[in-house]
Amino acid sequence: ILYLLDSVAHVIRKIDLTNQSITAFAGTADTMGNTSSTLYYPLGITFKGNELLTTGFNKGNDVRRIDLTSGVISTLTGQYTVSGTADGNSTQTQFMGLNSLSLFGNDLYAADKDGHTIRKIDVSDMNNPISTTVAGSGTAGTVDGIGASASFNAPYISVSNDGIDI
């Protein structure tokens, strides 16, 4: 199975590579939002166990979780309509425009494009994820450094193929 982010249609599609059938898996075509059946320009995607994790473009201020069996959509962390930089538990966390996700063990790394930071979300307990800012000053820039002394301009992230480096 291959999952395709049909971002402009606000849908994640499932492609069966055996018979090449394509079906809408999550989201409602041409309907954007943050309900149990809608997505907002899905852009970043990764998997943890039996769940697909995704975030949306620009208003991607939350990480959505989708059960691969039932297709039920819910919010893992963040607040869809609230933009900010707060770290903490799932109801405290705020993002400013997530655009990409990478899972590394029990740590979900998220590029906060408009926050100019890299955030780590501990998902060892999927019912109580905790986020922290691990890199970036929060100001657009191109400064190398450690943690908050570094600066980025609209970062994106990806995990390497070796499973060791992010």
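Throughout, residue positions are numbered sequentially from 1 according to the sequence presented.
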- Nearest atoms (heavy-atom pairs only) where Ala154 meets His116: N-ND1, 3.2 Å
- Where do Ser83 and Gln94 come nearest, in terms of heavy atoms and distance? O-OE1, 4.2 Å
- Task: For residues Leu68 and Phe25, determine if any side-chain heavy atom of one lies less than 4.5 Å from a side-chain heavy atom of the other.
- Result: yes
- Following the transitive rule for hydrophobic clusters with a side-chain heavy-atom cut-off under 4.5 Å over Ile, Leu, Val, Met, Phe, Trp and Tyr, establish whether Leu4 and Leu52 coincide in one cluster. no
- Message: If you define the side chain from C-beta out and look only at heavy atoms, does anything of Ile118 sit under 4.5 Å from Thr133?
- Response: no
- Message: Does Asp125, at its CG atom, have more than 12 non-hydrogen atoms belonging to other residues, nucleotides or ligands within less than 6.0 Å?
- Response: yes
- In this structure, OG of Ser100 is separated from CD1 of Ile45 (nearest 0.5 Å) by 12.5 Å
- Task: Give the cluster check for Val11 versus Ile73: same hydrophobic cluster or not, with ILVMFWY residues linked at side-chain heavy-atom distances below 4.5 Å.
- Result: no
- Task: Mind listing the closest non-hydrogen atom pair of Thr91 and Gln79 along with its distance?
- Result: O-NE2, 3.0 Å
- Task: Say whether Ile12 and Leu2 are linked into one hydrophobic cluster, either directly or through other cluster members, by side-chain heavy-atom distances under 4.5 angstrom.
- Result: no
- Calculate, to the nearest 0.5 Å, the distance between atoms OH and CG belonging to Tyr40 and Asn61 respectively. 10.0 Å
- Task: Have a look at Arg119 and tell me which of Asp87, Thr85, Thr132 forms a side chain to side chain donor-acceptor pair (under 3.5 Å) with it.
- Result: Asp87
- Cluster overlap Phe47 with Leu39, hydrophobic side-chain contacts below 4.5 Å: yes
- Task: Given side chain to side chain contact (heavy atoms under 4.5 Å, CB included), test Ile121 with Phe95 step by step and report yes or no.
- Result: CA-CA 12 Å; Ile121 305 160; Phe95 301 107; 3.9 Å; yes
- Item | Member of Thr93, Thr77, Asp112, Asn89 meeting the side chain to side chain donor-acceptor pair (under 3.5 Å) criterion with Ser131 | Thr93
- Item | Val63-Ile130 co-clustered via ILVMFWY side chain contacts under 4.5 Å | no
- Query: Which pair of heavy atoms, one from Leu98 and one from Ala110, lies closest together, and at what distance?
  - Reply: CD2-CB, 3.8 Å
- Task: Please examine the side chains of Leu53 and Met126, heavy atoms only from C-beta on, and report whether any two atoms are closer than 4.5 Å.
- Result: yes
- Task: Give the intermediate values and the outcome of side chain to side chain contact (heavy atoms under 4.5 Å, CB included) for residues Tyr3 and Arg13.
- Result: CA-CA 6 Å; Tyr3 291 89; Arg13 299 189 187 281; over 6 Å; no
- Query: More than 12 foreign heavy atoms under 6.0 Å from NZ of Lys48: is that the case here?
  - Reply: yes
- If you round to the nearest 0.5 Å, how far is CZ of Arg64 from CD of Glu51? 12.5 Å
- Message: Is there a side-chain contact between Leu103 and Leu101 in this structure, where contact means two heavy atoms from C-beta onward sitting under 4.5 Å apart?
- Response: no
- Query: What are the two closest heavy atoms between His10 and Pro42, and how far apart are they?
  - Reply: CA-CD, 3.8 Å
- Spatial distance of atom CG (Asn153) from atom CG (Asp114) [nearest 0.5 Å]: 10.0 Å
- Of all the heavy-atom pairs spanning Gly78 and Thr75, show the shortest one and how long it is. O-CG2, 3.7 Å
- Query: So Ser151 and Thr139, side chain to side chain contact (heavy atoms under 4.5 Å, CB included) or not? Walk me through it.
  - Reply: CA-CA 6 Å; Ser151 61; Thr139 302; 5.7 Å; no
- Item | Inter-residue atom distance Thr54.OG1 - Leu43.CG, 0.5 Å rounding | 7.5 Å
- Item | More than 12 heavy atoms of other groups within 6.0 Å of Ile1 CD1 | yes
- Drop me the distance from Ser90's OG to Asp62's CG, to the nearest 0.5 angstrom. 11.5 Å
